[in-house]
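First up is the structure itself, then whatever we jot down about it.
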Amino acid sequence: MHTSVIRRLMLSLIFLLPMTLKSILLICAHPALHRSRVNRRMIEAVSDLPHVRVHDLYETYPDFHINLRHEQALLEHADLVIFQHPIQWYSMPALLKEWMDVVLEYGWAYGKDGTALRGKDYWLAATTGGNSHDYSTDGTHGHSFEAFLPPLQQTANLCGMNWVPPFLLFGALQVDEVGVKAHCQRYRELLQTYPDWAKLPTTPMPEIKEA
């Protein structure tokens, strides 16, 4: 049997779930996840859920050589695609940007006949170093966090995906232990109850306030 056929069959088995569960692909892009205070624990909080596949890009592609067809096959089997990462320079880590450049091909993700992602949900789960005040008109960054989202929202729109309001933790290094635990527990609850909340009218996700 051809290798590509075997790979697709394996992916189908991975995502063979009860009809009540939707398939979630959690793409984690943290350059040093083992040293992370919050992102690592977010992953640990949801990695045992049967309908969630955690995909650590930096572990999978330390050389940045991305397997295009494998990544596209993962996406095809997901209902919700989560992009979990720390915010770096108002954007995403370098490997995730490379992943998007390689994987979201014209004719597959967008453009003529590019319908592979149409109807799927796009969810950003991000942490920031700056606190909530830093992301305000009179804060360090001079804008609300929402002002930095249009490139991501347009990526979702171009690919025909549904933009789901981000799940954010501001001031990840300053939030106390109670706040970190609450954030991780809320993350787990949301993944357990997807897609119920994702189909509600667009409202901001609740935020954990830094200490």
Side-chain angles (χ1 to χ4, degrees), residues 22-31 38-39 42 46 52-53 55 57 66 71-72 74-137 139-172 183 186-187 190-191 193-208:
K22 295 290 187 177
S23 299
I24 298 174
L25 176 62
L26 197 170
I27 298 174
C28 177
H30 195 300
V38 177
N39 277 274
M42 290 173 65
V46 302
V52 176
R53 175 173 179 134
H55 186 34
L57 291 187
I66 295 168
E71 297 301 309
Q72 290 182 343
L74 289 176
L75 288 168
E76 287 172 351
H77 286 82
D79 299 294
L80 169 65
V81 183
I82 304 173
F83 295 95
Q84 181 187 319
H85 60 83
I87 297 298
Q88 296 185 339
W89 286 105
Y90 312 108
S91 185
M92 63 190 70
L95 181 54
L96 182 53
K97 178 59 169 66
E98 175 70 6
W99 181 94
M100 288 194 168
D101 290 344
V102 171
V103 177
L104 303 184
E105 281 189 314
Y106 178 87
W108 183 82
Y110 70 99
K112 181 176 173 57
D113 299 323
T115 60
L117 302 180
R118 186 169 296 173
K120 299 180 186 295
D121 290 326
Y122 181 120
W123 195 33
L124 171 66
T127 58
T128 71
N131 59 39
S132 55
H133 177 71
D134 289 335
Y135 285 93
S136 64
T137 54
T140 302
H141 306 301
H143 302 277
S144 68
F145 186 82
E146 288 71 23
F148 301 102
L149 291 177
L152 302 182
Q153 292 173 308
Q154 180 55 25
T155 297
N157 182 60
L158 186 64
C159 295
M161 302 179 75
N162 306 310
W163 173 262
V164 179
F167 184 64
L168 305 174
L169 182 66
F170 291 105
H183 186 74
R186 180 59 176 154
Y187 195 39
L190 288 168
L191 268 60
T193 57
Y194 172 82
D196 297 346
W197 51 268
K199 304 306 180 185
L200 296 174
T202 301
T203 55
M205 289 288 170
E207 300 165 3
I208 302 296

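FYI, side chains are in, hydrogens and waters are out, and symmetry mates aren't considered; it's all heavy atoms of this structure.
Across every non-hydrogen atom of L95 and L57, the tightest pair is CD2-O, 3.3 Å. Taking each heavy atom of R186 and F167 in turn, the nearest pair found is CG-CE1, 3.8 Å. L191 approaches I24 most closely through the heavy-atom pair O-CD1, 3.7 Å. Nearest heavy-atom pair, T127 versus M42, reported as atom, atom and distance to 0.1 Å: CG2-SD, 4.3 Å. Nearest heavy-atom pair, W123 versus L80, reported as atom, atom and distance to 0.1 Å: CB-CD1, 3.8 Å. What you find for H143 and A147 is that their closest heavy atoms are CB-CB, 3.6 Å.
In this structure a side-chain-to-backbone donor-acceptor pair under 3.5 Å is missing from K120 to G160. No donor-acceptor distance shorter than 3.5 angstrom exists from the side chain of Q84 to the backbone of A126, with no hydrogens or angles considered. Without hydrogens or angle criteria, T115 side chain to R118 main chain gives no donor-acceptor distance under 3.5 Å. Side chain of N162 to main chain of G119: a donor-acceptor pair is present (N/O by atom type, distance under 3.5 Å, no hydrogens or angles).
Every residue two or more places apart in sequence or in another chain was checked for a side-chain contact (heavy atoms from CB on, under 4.5 Å) with S91, and none qualifies. With sequence neighbours excluded, the residues that form a ring-ring contact (aromatic ring centres under 6.0 Å, His included) with Y110 are Y106. Remark: D113 engages no residue in a side chain to side chain donor-acceptor pair (under 3.5 Å) (not counting sequence neighbours).
Using a 4.5 Å heavy-atom cutoff, the side chains of D134 and F145 are not in contact. L74 places a side-chain heavy atom less than 4.5 Å from the side chain of H55. For the pair D121/I82, no side-chain contact is recorded, criterion being any heavy-atom separation below 4.5 Å from C-beta on. With contacts defined as side-chain heavy-atom distances shorter than 4.5 Å, the pair Y194/D79 qualifies. Contact check for L168 versus T128: no side-chain heavy atoms found under the 4.5 Å cut-off. At a threshold of 4.5 Å between non-hydrogen side-chain atoms, the residues H77 and R53 do not count as touching. Contact annotation: the side chain of P93 approaches that of H85 to within less than 4.5 Å [non-hydrogen atoms, C-beta and beyond].
The line from CG of L117 to OG1 of T155 is 11.0 Å long, rounded to the nearest 0.5 Å. If you take SG on C28 and NE2 on H30, they are separated by 7.5 Å, rounding to the nearest 0.5 Å. W99 contributes atom CH2, which lies 4.5 Å from atom CZ of F83 (distance to the nearest 0.5 angstrom). Of the inter-residue distances, the one linking L152 atom CG with M161 atom CE reads 11.5 Å to the nearest 0.5 angstrom. The CG atom of L169 sits 10.5 Å away from atom OG of S132, with the distance rounded to the nearest 0.5 Å.
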TODO: Please report the C-alpha distance between W108 and E76 in whole Å, then the side-chain angles of each, then the deciding distance to 0.1 Å, and finally whether the side chain to side chain donor-acceptor pair (under 3.5 Å) criterion is met.
DONE: CA-CA 10 Å; W108 183 82; E76 287 172 351; 3.1 Å; yes
Practice problem: Test side chain to side chain contact (heavy atoms under 4.5 Å, CB included) on L149 and W163 and set out the steps. | Solution: CA-CA 11 Å; L149 291 177; W163 173 262; 4.1 Å; yes
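Between Y135 and H141, the ring planes are tilted. Angles from 30° to 60° get that label.
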